[in-house]
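Before any comments, here is the structure.
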Protein chains: 2
Amino acid sequence: MQALGFEHHDHHRCKREALAAAEEHCARHRLNFTPVRRRVLELLLEGHRAMGAYEILDTLREEGLGAQPPVAYRALDFLVTNGFAHKIERLNAFVACMHPGEDHTPAFLICRACDAVAEAHADPARGFLGQAVRETGFVVEQAVVEAVGLCPGCAEART
Amino acid sequence: MQALGFEHHDHHRCKREALAAAEEHCARHRLNFTPVRRRVLELLLEGHRAMGAYEILDTLREEGLGAQPPVAYRALDFLVTNGFAHKIERLNAFVACMHPGEDHTPAFLICRACDAVAEAHADPARGFLGQAVRETGFVVEQAVVEAVGLCPGCAEART
DNA sequence: CTTGATATGTTACAGGATAACGTTTATCAA
DNA sequence: TTGATAAACGTTATCCTGTAACATATCAAG
């Protein structure tokens with residue numbers, strides 16, 4: 001299992017929708033959704049799992065879209081900056097965003113057995129950092145929440 | 001400002017206490033608190049900030065305690081595994097734990113202006129991952145919570 | 001004393017990321 | 001149309017992070 005959500009779903013449809021959302025967002029904000037950027041997002045959506053920059057670069061290279069690391073990193077930066085993809089710090093890898101457009105603090109559930117990654121919502125409003133933190137006066141601008149464990153499938157398989 | 005907590009505190013005392021706690025824990029669990037491991041923990045406590053493995057290695061090398069990367073990484077692994085230090089994924093760096101002994105899910109507050117790192121508690125019980133996540137059936141074994149923003153001091157300085 | 005487990009030392013390299021510089025392409029005002 | 005400017009791309013070279021693999025040393029238990 002390598003799915004981005006643990007439940008089954010219409011893969012083609014979510015790819016189409018995510019691409020459409022990115023396209024529209026770029027048009028609306030005068031952002032340049034170039035072939036490389038588009039292709040990298042497609043790869044993330046097709047792979048439907050956390051992918052390393054160099055893995056993506058390999059494909060770009062095969063397709064003649066770029067041969068050096070900066071090409072991949074720049075495209076990934078663009079996607080992350082604009083909310084079309086996220087970086088999983090824990091894995092030094094990237095995933096397509098499952099909720100483009102929505103303003104959200106993603107929380108990732110990483111299965112240590114099958115490497116599947118699911119994107120959920122962390123709820124900053126509910127105070128996932130606890131009351132104590134708010135009292136320190138720290139101004140949170142961005143948060144990374146990543147949980148490692150077992151996905152439903154793998155948890156069951158080990159019973 | 002490079003402190004590990006944003007508030008002032010007795011630096012020497014917290015170093016002494018953390019070392020004592022590590023020593024006791026190792027004795028209790030028959031763990032080998034070797035010179036290298038001890039020294040790395042000291043360095044983290046003295047530095048009192050997030051430090052890269054290679055930065056630590058530089059000091060070990062100067063002191064004749066080890067010259068190659070695996071030496072530092074192995075010591076750091078030991079410290080992290082046993083809860084004496086944490087890895088900040090976001091920075092690819094390590095910090096001494098501020099609450100050794102207590103069973104906790106650390107949440108780090110990283111100031112993007114001065115690089116100070118504070119360790120707070122995330123509250124898994126309160127559900128920092130939200131109800132929706134629990135419903136997926138994912139079994140969380142370990143969680144990384146890292147917030148980037150401005151510490152009280154830097155936030156004020158920019159007003 | 002020997003066996004086994006644990007820790008260390010070293011080489012060599014894999015994998016992740018970016019600085020710096022030059023070239024192309026798109027945009028837009030004069 | 002042209003010239004100026006910014007944005008994106010291409011490439012080189014290098015840095016930082018991390019680990020596999022293997023040799024050596026240390027130490028406690030049988």
Side-chain angles (χ1 to χ4, degrees), chain A residues 22-23 26-27 29-41 43-44 47 49-82 84-95 112 115 144 146 148, chain B residues 22-23 25-27 29-41 43-44 49-82 84-95 115 144 146:
Chain A
E23 223 149 53
C26 286
H29 293 77
R30 311 255 157 92
L31 293 169
N32 216 335
F33 199 43
T34 66
V36 182
R37 291 169 178 178
R38 185 196 178 87
R39 187 65 187 126
V40 172
L41 180 53
L43 289 172
L44 288 176
R49 61 196 168 82
M51 300 175 79
Y54 280 68
E55 185 183 352
I56 287 166
L57 180 58
D58 286 342
T59 306
L60 292 181
R61 192 176 281 139
E62 282 169 18
E63 300 178 353
L65 276 172
Q68 266 57 46
V71 173
Y73 280 102
R74 287 197 281 235
L76 287 166
D77 278 353
F78 173 86
L79 297 175
V80 169
T81 299
N82 294 290
F84 306 139
H86 299 291
K87 178 171 188 185
I88 313 283
E89 298 289 344
R90 178 86 194 204
L91 303 175
N92 294 320
F94 300 82
V95 283
R112 67 172 163 79
D115 288 323
V144 171
E146 297 172 6
V148 177
Chain B
E23 224 148 53
H25 182 273
C26 287
H29 293 77
R30 312 254 157 92
L31 294 169
N32 216 335
F33 199 43
T34 67
V36 181
R37 291 169 177 178
R38 187 196 177 87
R39 186 65 187 126
V40 171
L41 179 54
L43 289 173
L44 289 176
R49 63 197 165 81
M51 299 175 80
Y54 279 70
E55 185 183 353
I56 287 166
L57 180 58
D58 285 343
T59 305
L60 293 182
R61 192 175 281 138
E62 283 168 18
E63 300 178 354
L65 277 172
Q68 267 58 45
V71 174
Y73 280 102
R74 289 195 281 234
L76 287 165
D77 278 353
F78 173 85
L79 297 175
V80 169
T81 299
N82 295 289
F84 307 140
H86 299 290
K87 178 171 188 187
I88 313 283
E89 297 290 343
R90 177 86 193 205
L91 303 175
N92 293 320
F94 300 82
V95 283
D115 289 322
V144 171
E146 297 172 6

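Remember, predicted model here, so these are calculated numbers, not experimental data.
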Minimum heavy-atom separation for B:L91 and B:A50, please, with both atom names.
CD1-CB, 3.9 Å

Return yes if some donor-acceptor pair links the side-chain N/O of A:E146 with the main-chain N/O of A:E89 below 3.5 Å, else return no.
yes

So if I define the base as every atom that isn't primed, P, OP1 or OP2, how would nucleotides 24-30 of chain D read as a B/S/- string at a heavy-atom cutoff under 4.0 Å?
-------

Should A:V40 and A:R37 count as side-chain neighbours, where that means a heavy-atom distance under 4.5 Å?
no

For the atom pair CG (A:D58) and CG (A:L43), what is the distance rounded to the nearest 0.5 Å?
11.0 Å

So, for A:G66 and A:L57, which heavy atoms are closest and what is the spacing to 0.1 Å?
O-CD1, 3.9 Å

Within this structure, what is the OH-CG distance for the pair B:Y54 and B:N92, rounded to the nearest 0.5 Å?
11.5 Å

Counting N and O atoms only, with roles assigned by atom type, does the side chain of B:R39 sit under 3.5 Å from a partner on the main chain of B:L60, one being a donor and the other an acceptor?
no

N/O to N/O distances under 3.5 Å, protein versus nucleotides 14-16 of chain D:
none

Smallest separation among heavy atoms of B:L41 and B:F84, with atom names
CD1-O, 3.8 Å

Quick one: CG on A:L44 to NE2 on A:H86, what's the gap to the nearest 0.5 Å?
11.0 Å

For a quick check, with a 4.0 angstrom heavy-atom cut-off, what is the B/S/- contact string for nucleotides 4-13 of chain D, read 5' to 3'?
----SBBBB-

Donor-acceptor pairs under 3.5 angstrom involving side-chain atoms of residues 71-80 of chain A: please list them, not counting sequence neighbours.
none

Which residues share a side chain to side chain contact (heavy atoms under 4.5 Å, CB included) with A:Q68, sequence neighbours left out:
A:P70

CG on A:D115 to CZ on A:R49, rounded to 0.5 Å:
9.5 Å

For chain B, the stretch of DNA chain C it reaches, first to last nucleotide, under 4.0 Å of its heavy atoms:
C:dA7 to C:dT11

